[in-house]
Structure formats: C-alpha cells, structure tokens
Number of protein chains: 2
Amino acid sequence: MTSSPEVVQLSEVRASCTQCAWQTLCLPASLDGTNLERLDEVVRKRRPLRRGEVLYREGLRHAALFVVRSGTLKTSTTLADGDTQVLGFHLPGEIVGFDGLVDEPHHSTAEALEDSSVCEVPVARLAEIAAQIPLLQQQVYRIMGREFSREQMHAVMMGRRHAMARLALFLHGLSERRRACNHDPDSLHLSMSRQDVANYLGLVIETVSRLFSRLQSLGVLAVDRRAVRILDHAALAELAQGEEDSRATA
Amino acid sequence: MTSSPEVVQLSEVRASCTQCAWQTLCLPASLDGTNLERLDEVVRKRRPLRRGEVLYREGLRHAALFVVRSGTLKTSTTLADGDTQVLGFHLPGEIVGFDGLVDEPHHSTAEALEDSSVCEVPVARLAEIAAQIPLLQQQVYRIMGREFSREQMHAVMMGRRHAMARLALFLHGLSERRRACNHDPDSLHLSMSRQDVANYLGLVIETVSRLFSRLQSLGVLAVDRRAVRILDHAALAELAQGEEDSRATA
DNA sequence: CGACTAATTGAATGTCATCAAGAGCTGTGG
DNA sequence: CCACAGCTCTTGATGACATTCAATTAGTCG
C-alpha cells in the first residue's frame with residue numbers, strides 16, 4: 001500500500017475530479033467517463049492555501065469559480081465606512097466566486113480560515129465545454145441555485161430578532177452541511193473566530209460568547225473553545241424558532 | 001401616430017425583447033438581430049399579474065426565470081415556525097427564479113406587490129440556445145452574478161446593528177436601482193407595505209414607522225404615505241453608516 | 001517566561017420590541 | 001353623499017435584550 005510520489009502527482013494532475021471526494025456535490029455529478037475527462041482538462045488544481053491566505057479580493061476581476069476541496073473559506077465585503085461584513089463560510093464541496101462571474105469585479109474577498117485547498121474553474125472554459133455537455137450545463141445551474149439558496153438562508157438567520165435564534169440556526173446549518181458530507185453532524189469544528197461568527201450573524205462578539213456559555217449551561221452544547229458538540233438537537237431547533245426556552249433555566 | 005390593436009398584438013407576440021425597455025439590463029444585452037430573434041422564440045410573455053397574485057410558490061418545481069417588465073415583485077420564504085421572511089423586492093429589469101433553477105423545488109414564493117407583468121424564460125430552452133450563442137451564455141452568467149450580489153447586499157443591510165442604518169441602506173439601494181433605469185433617483189414609490197419593509201430589514205413595523213417619521217423631521221425625507229422623496233442624500237449616506245447624527249436633532 | 005491575541009464574564013446604558021391606543025385612508029352600502 | 005367597517009400606519013409608554021465599556025482569564029507564539 002505504498003504510494004510513490006509519481007502516483008500522487010498523477011492523481012493530482014490528471015484525475016482530479018475522478019478521484020475527488022466531493023464528486024457528487026460538485027460539477028462532475030452525473031458525468032460519465034469521457035465527459036469527466038474533458039472537465040478535468042478545464043479544472044486547474046491550485047496550490048494549497050495557507051491559513052489567512054486570500055483567494056480573491058474585492059475590486060479585482062477574476063472570472064473563475066473555486067471549489068473548496070478541504071478546509072474552510074470565509075467570504076466578506078467591505079462597507080463604505082470601512083467596516084466589513086462576513087458573507088459566508090464555505091466548506092468542502094461548496095463553491096465560491098459567483099459574484100464575479102463575468103467581467104464584473106468581485107464584490108467580496110475570499111480568505112482561507114485554515115489551511116485549505118481549492119480547485120479553480122475558469123468560467124470562460126467552463127462555459128465552453130458546458131455548451132457541449134448539457135448535463136454539465138444543468139449541473140452548473142443546479143449548483144448556482146444551491147449557492148443562491150444558501151445566500152438566502154443567511155438572510156433568514158439575520159432576520160430573526162433574537163440573537164439566540166440566529167446562533168441556533170447557524171449551528172443547525174453547519175450541522176446539516178456536515179451531514180450532507182457524511183460526517184458526524186453532532187461534532188462541529190468552528191474554524192472561524194467568535195468575531196467572524198458574530199459579524200456573520202450581525203451581532204457583537206460578547207453576545208456570541210455569552211450565547212455559547214448559555215447553550216452550554218442549558219445542556220444543549222458542549223463547548224470547548226472552537227470544538228462544539230451538539231447534545232440536544234431538539235432544544236436547538238426550538239431555540240432557532242425564537243422560543244425562549246425559559247423552563248430549561250430552572 | 002395612431003396604433004391599431006393589431007400592431008400592439010404583433011409587438012407583444014413577436015418582438016418582445018426587441019422592443020423591451022430593459023434590453024440593456026436583461027438577457028438580450030449585446031445580442032444582434034438574428035440572435036435576438038432566437039431568444040424571442042424562447043421567451044414566453046405572460047399575462048399581466050394582478051396585485052397579490054402569486055407567480056410561483058415555494059415547494060413547487062418550476063424551472064423558469066422571470067424577468068420583471070413592469071410593477072414590483074416580492075419574494076419571501078416560510079420558516080419552520082410559520083413565520084415568513086421577505087427575501088427581496090424586484091423591480092423592472094430584474095430577474096427572479098434563481099432558487100429553483102433545475103429540478104429543485106423553489107425555496108421562495110414570488111408575489112406581485114402591484115399590477116405587474118413578467119416574461120417567463122424556461123431554463124431548459126434558455127440553456128439550449130445559450131449553448132449556441134456564447135454572448136448569451138455570458139449574459140446569463142453576468143445576470144446571475146448581479147442577482148447574487150444583490151442577495152449579498154441584503155445580508156449587508158441586515159448586518160448593520162442600528163435600525164436606522166438598515167433603513168437608510170434600503171432607501172439608498174432603491175434610489176440607485178431607479179438611477180440604473182434612468183428614473184428620478186430622488187422620488188421613490190414604495191409598492192410594499194411598511195410590514196414588508198420591516199420584515200425585509202429584520203425589524204418590526206412600529207420601528208420602521210418611527211424611523212420614517214424621524215427621517216422626515218430631520219429633513220432627510222419627505223414622506224407621504226408610500227411616496228418618498230429623498231431630500232438629503234448625504235445625510236442618508238451618513239445614517240447608513242451608523243453615524244448617529246445626533247446634532248441634527250437639536 | 002512574557003507579550004500578544006482570543007475569548008469570557010460583569011455592570012450599565014441604550015435601542016428596539018412589545019403592548020396599547022388612536023389617526024388616516026379605502027371601499028362599500030344605505 | 002355620508003356613515004361605517006376594515007385596514008394600514010402612526011404615536012406613546014414600558015420593559016427586555018443586546019450593545020457598550022471594562023476587566024479578567026485562557027491560550028498561543030516568539
């Protein structure tokens with residue numbers, strides 16, 4: 001079971017999509033052998049990103065999509081007054097870059113929250129071969145719809161007027177995304193800082209910190225720094241709906 | 001200069017895109033005559049929508065995009081607890097339906113806020129001809145990116161922690177969208193209720209009402225029911241940044 | 001070990017939600 | 001034409017909850 005460096009090279013360069021764990025979530029879904037190879041030719045593997053490294057920056061044109069292979073990305077935008085707003089966190093299998101699809105400069109910046117790796121898909125090349133492979137074209141649309149809905153989920157969270165409901169929805173969403181990847185939906189590793197979570201939810205860091213503490217004392221979560229374990233999904237779901245579960249404080 | 005009923009008919013049925021006021025914002029941008037005709041064949045004109053009429057409903061599959069030709073649409077989604085969250089307001093030239101692109105059922109419901117009219121673009125047919133017209137394919141991507149960025153702007157608004165900043169951003173955004181259509185950016189006709197505005201911004205109706213009153217007394221707006229005139233763009237911009245312009249209250 | 005950052009916790013203020021009442025507009029029918 | 005009902009919107013008083021300011025603890029890196 002020893003794998004020589006050449007084999008690794010080969011699989012990385014040639015058969016990236018074929019061997020990728022996220023095939024079913026990503027562009028290649030439902031493509032057969034021949035078409036998969038054609039997609040492979042378009043997809044450019046990128047060097048791994050170091051924690052803190054920026055993938056693309058707002059204001060720059062870079063018409064490409066990026067598939068997260070491992071790690072976590074954070075997208076954010078800068079406001080007129082210099083404040084930043086975190087727009088999203090992106091896990092393996094998810095795709096970023098839709099805000100700079102063609103010509104348009106990006107409105108957001110994407111940064112690695114931990115050491116990560118991504119595939120780069122130049123939009124122009126993708127469009128070319130998608131024009132010849134209807135199933136791929138469909139998959140592109142499907143993924144766009146998926147990411148669009150994810151954006152809307154952000155608005156739903158921010159629309160909740162109780163801070164607890166926002167955090168509960170956030171945690172529930174993360175849990176669901178882990179389930180989608182066949183990972184344990186109860187154990188979350190938050191690769192983002194409390195500050196990032198707070199900003200993402202439209203709160204301040206102290207509030208988020210207090211909420212984590214409260215969830216822990218309620219027995220809903222076990223919190224150890226950025227490692228979070230969900231102990232009571234039902235209670236979390238209730239809190240997500242704004243039910244102030246006051247009886248549990250007794 | 002009399003136009004017979006037949007001429008109207010003809011222009012409505014055959015030359016919809018050619019004569020549409022929103023050409024430059026919409027799919028046909030940068031298409032020449034021949035290609036424009038091919039697009040015309042795909043686009044289905046729809047009967048006008050009456051105020052309150054639903055264009056599509058969440059949970060249903062309906063793989064089509066809709067271009068707003070006149071009027072205003074509201075998209076919203078229903079939460080687990082039965083509450084609804086308003087996701088967006090859509091003005092002429094803008095496009096809705098991205099959340100139900102392929103196969104997937106819609107996550108949102110689209111409703112006319114006033115008598116409106118839309119063009120329906122079946123995604124499957126659009127994909128077919130876009131595969132043959134690279135410029136159209138590009139334009140599809142461009143528009144998706146645009147609507148994606150609009151979604152993100154919603155998150156930016158909701159992220160502001162002062163109610164005034166949210167409303168100011170909202171009004172500023174509406175103003176900019178009117179400017180983009182060569183309309184007077186100072187006069188807004190809010191076709192949505194205060195309740196809708198409040199929900200969209202994650203506030204309650206009373207707060208929104210108070211804010212409008214305050215903006216009026218500050219001399220920033222002239223508010224007459226749903227007719228709003230922006231008197232002081234600079235002040236509005238300041239308020240959008242969370243600057244509590246307390247000196248103006250003196 | 002010491003300096004730095006990240007996160008937690010406490011106390012006080014302020015903003016927004018809630019509850020409640022009233023004003024203004026719209027449409028209907030007598 | 002006016003009266004009435006129903007709705008949207010406004011305005012006021014109160015209180016809850018999140019922010020702010022401040023200090024402490026925990027964890028990380030040089």
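These numbers come from a predicted model, not from an experiment. Order of the sequence lines fixes the chain letters, A, B, ..., with proteins taken first and strands second; residue numbering starts at 1 for each chain.
- Of all heavy-atom pairs spanning B:Arg166 and B:Met157, the tightest one is CG-O, 3.1 Å.
- Rounding to whole angstrom units, CG of residue A:Leu221 and C1' of C:dA7 are separated by 16 Å.
- Residue contacts for A:Arg226: at a heavy-atom cut-off of 4.0 Å it reaches the sugar-phosphate backbone alone, with no base atom in range.
- Distance A:Gln195 CD to C:dT5 C1': 12 Å, rounded to the nearest Å.
- Taking atom NE2 on A:His162 and atom P on C:dC16, their separation rounds to 15 Å, with Å as the unit.
- Proximity of B:His189 to B:Val228: side-chain heavy atoms (C-beta onward) are nowhere separated by under 4.5 Å.
- In the region residues 199-209 of chain A, proximity to DNA chain D at under 4.0 angstrom, judged on heavy atoms, holds for A:Gly202, A:Leu203, A:Val204, A:Glu206, A:Thr207.
- Ring pair A:Phe66/A:Tyr56: centre-to-centre distance below 6.0 Å.
- Rounded to a whole Å, the CZ atom of B:Arg214 is 8 Å from the P atom of C:dT15.
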Got a list of protein N/O to nucleotides 27-29 of chain D N/O distances below 3.5 Å?
none

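- For B:Arg166 and D:dA18, the CZ to C1' distance is 12 Å, given to the nearest whole Å.
- DNA chain C is contacted by both A:Arg194 and A:Arg161; A:Arg194 maps to the nucleotide lying nearer its 5′ end (nearest heavy atom per residue).
- Ionic pairing of B:Glu114 and B:Arg51 is not present here: no N-O contact between side-chain nitrogen and carboxylate oxygen is shorter than 4.0 angstrom.
- Distance CE (B:Met158) to P (D:dA18): 16 Å, rounded to an integer number of Å.
- Salt bridge status for A:Arg179 with A:Asp186: absent, with no side-chain N to carboxylate O gap under 4.0 Å.
- One finds no salt bridge joining A:Glu53 and A:Arg50 here, because no Lys/Arg side-chain nitrogen approaches an Asp/Glu carboxylate oxygen to under 4.0 Å.
- The residue B:Arg210 sits close to a base: some heavy atom pair falls under 4.0 Å.
- Not less than 6.0 angstrom separates the ring centroid of A:Phe148 from the ring centroid of B:His107.
- Going from atom CZ of B:Arg51 over to atom P of C:dT26 covers 12 Å, rounded to whole Å.
- Using a cutoff of 4.0 Å between basic side-chain nitrogens and carboxylate oxygens, B:Glu206 and B:Arg194 are not scored as salt-bridged.
- Evaluated for a side chain to side chain donor-acceptor pair (under 3.5 Å) with A:Ser108, the options A:Asp99, A:Thr77, A:Thr75 yield exactly one hit, A:Asp99.
- Straight-line distance from the CG atom of A:Leu215 to the P atom of C:dT8: 12 Å, rounded to whole Å.
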